[in-house]
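Have a look at the structure below before the remarks.
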There are 2 protein chains.
Amino acid sequence: MYAAHAPETRPATRNAHNTGCSGCAHAATCQAGGYGEATLSGLRDIVERVGLLRDGEYLYRPRTPFRALYAVQSGMAKTVAVDSSGREQVLAFHLPGELFALDAICLGHHDNAVIALGRTQFCRFPFDRLRCLTTTQPDVQWHLMHTMSRQIHQQRLSGGDYPAEERMAAFLTNLSDRRTLLGLRTDHLPLPMSRADIGNHLRLATETVSRLLARFRDARLIRVERQGIEVLNGKGLREIGRHLLQA
Amino acid sequence: MYAAHAPETRPATRNAHNTGCSGCAHAATCQAGGYGEATLSGLRDIVERVGLLRDGEYLYRPRTPFRALYAVQSGMAKTVAVDSSGREQVLAFHLPGELFALDAICLGHHDNAVIALGRTQFCRFPFDRLRCLTTTQPDVQWHLMHTMSRQIHQQRLSGGDYPAEERMAAFLTNLSDRRTLLGLRTDHLPLPMSRADIGNHLRLATETVSRLLARFRDARLIRVERQGIEVLNGKGLREIGRHLLQA
DNA sequence: CGACTCTTTGATCCTGATCAACACCGGTGG
DNA sequence: CCACCGGTGTTGATCAGGATCAAAGAGTCG
């Protein structure tokens with residue numbers, strides 16, 4: 001609950017006409033609106049901007065009606081599910097351009113929460129408009145399906161039964177790879193989430209996260225900072241996590 | 001490897017005109033072709049039947065080009081991924097009517113295998129025809145998206161960090177619930193997969209699977225048989241796995 | 001029947017969780 | 001400016017859930 005101190009927020013939603021994708025640093029690689037720039041331009045017309053949200057603020061909460069898909073525009077966010085006993089599970093961390101809330105389509109409402117990690121802005125794709133688009137533009141439809149397929153594919157990796165060290169290394173390498181796709185630096189990985197969040201996501205105790213980072217530090221693989229790490233030996237890190245990667 | 005003894009098979013593919021969905025016991029509840037019977041009839045025209053495959057035979061293997069989506073028609077199947085070190089991971093078990101291979105859409109090829117558990121028949125939906133359908137029939141498109149969303153949603157459950165006993169109970173209850181949807185008996189659950197498969201899927205050693213089943217037996221929750229279990233107290237089972245269920 | 005595989009049960013071990021204590025940082029107010 | 005304070009991160013000591021090792025029982029198929 002440490003990062004969820006903010007009360008229910010109704011963040012400002014501005015129309016895209018003010019802030020189109022043309023000014024977005026990730027427009028070219030955005031999984032939500034990007035890819036073929038000309039062909040998918042329909043998406044750019046329906047996108048809205050949400051935010052700015054600050055650390056710990058909610059984009060949406062469980063039991064909220066499903067109205068739109070989202071992507072991070074800048075910053076970072078986490079998806080958190082809460083089970084019947086109140087235990088939280090960090091399902092994913094989202095980087096700019098990565099589409100989420102796809103799981104809510106079949107339910108009609110969100111059954112998990114999305115919370116900003118640090119100052120974060122979002123792109124919002126109203127679903128009714130999206131449905132109109134997909135019926136008229138087959139490539140938008142195809143693109144969405146592609147994205148959903150990718151998500152089904154990716155999730156399978158996180159289920160595996162691998163030692164803690166390998167899961168940790170794979171997690172960091174995966175983050176690095178996703179940043180590469182976005183054209184961001186990979187010698188330094190910001191980790192705006194808490195150690196508890198990382199541990200929860202990887203099924204590890206926070207103490208174990210600390211210890212593993214310390215172990216990687218002692219092996220000269222990384223330099224540990226409070227809100228991130230500096231990658232000294234990405235190859236070595238990838239080697240440790242290789243079994244979990246690229247499937 | 002015990003259940004993968006069969007050599008590469010080229011199972012007979014018959015056209016649907018011979019064996020339409022009208023004769024299928026699961027037509028009404030089939031997640032692939034069913035739901036609205038009249039509206040989605042387009043799917044019925046493109047479906048082909050594959051099989052009969054026997055225990056351990058492959059429907060497809062990794063690195064096979066992606067040409068179609070599949071569903072189980074009768075019997076049961078498992079999806080198995082193999083990582084770079086050769087270790088296998090059982091990603092899912094498939095019951096009749098459940099669509100799979102959705103993860104291959106984004107890759108263009110299958111990166112895991114589907115293997116029959118006992119005598120099993122499959123429905124095959126050629127993807128090029130499916131794409132044609134979705135462009136002309138919005139409800140087919142919507143249906144597919146719905147199914148993919150559901151799969152994204154479901155998978156998140158299997159990632160959680162819960163004690164072995166809860167995972168096992170949740171697994172059995174989940175199987176039971178899925179059978180309920182299909183209108184099948186739930187007082188007896190066939191388990192045509194090996195204990196090793198179950199354990200792999202749940203991140204448990206086969207010995208632990210055995211011990212947990214024995215524990216449930218001693219608690220009068222189930223009666224253990226070789227290829228399945230008899231459910232004596234489904235409520236009790238659900239109670240143990242409640243944290244993992246229904247999210 | 002006999003060879004083989006799968007399952008069950010028991011004994012021991014080990015990875016990572018839990019418990020505990022301390023260090024660090026950021027903010028607040030004296 | 002520094003003392004204080006609460007939240008977060010690190011490190012050490014102990015514990016336990018489930019893995020692994022080992023061996024015997026139960027189907028299955030020749």
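Note that the structure is a prediction, hence the values are computed from the model and not measured. Each chain gets a letter, A, B and so on, in the order its sequence line appears, and its residues count up from 1.
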4.5 Å side-chain heavy-atom contact, B/Phe171 and B/Leu244:
no
May I ask you to list the residues of residues 202-216 of chain A, by number, that have any heavy atom positioned under 4.0 Å from an atom of DNA chain D?
A/Glu207, A/Ser210, A/Arg211, A/Ala214
Closer than 3.5 angstrom, by distance alone: can the side chain of A/Asn112 be matched with the main-chain N or O of A/Val80 as a donor-acceptor pair?
no
Check the angle between the aromatic planes of B/Phe100 and B/Tyr60 and answer parallel, tilted or perpendicular using the 30° and 60° thresholds.
tilted
Partners passing side chain to side chain contact (heavy atoms under 4.5 Å, CB included) against B/Pro192 (at least two apart in sequence or in another chain)
B/Met76, B/Leu117, B/Pro190, B/Gln227
Listed in order of residue number, which residues of residues 164-175 of chain B have a non-hydrogen atom at under 4.0 Å from DNA chain C?
none
C/dC24 P sits how many Å from A/Glu225 CD, rounded?
17 Å
Should B/Arg242 and B/Glu166 count as an ion pair when the cut-off is N to O under 4.0 Å?
no
Once ring pair (Phe, Tyr, Trp, His ring centres under 6.0 Å) is applied, do any residues pair with B/Phe66, and if so which ones, sequence neighbours excluded?
B/His110, B/Phe127
Please collect all side chain to side chain donor-acceptor pair (under 3.5 Å) contacts where either partner lies in residues 211-223 of chain A, sequence neighbours excluded, each pair once.
A/Glu165-A/Arg215
Spacing between B/Arg87 atom CZ and D/dA19 atom C1', to the nearest angstrom
12 Å
Compute the bend angle of the helix from C/dC1-D/dG30 to C/dG30-D/dC1 from the end axes (five pairs per end), rounded to 10°.
30°
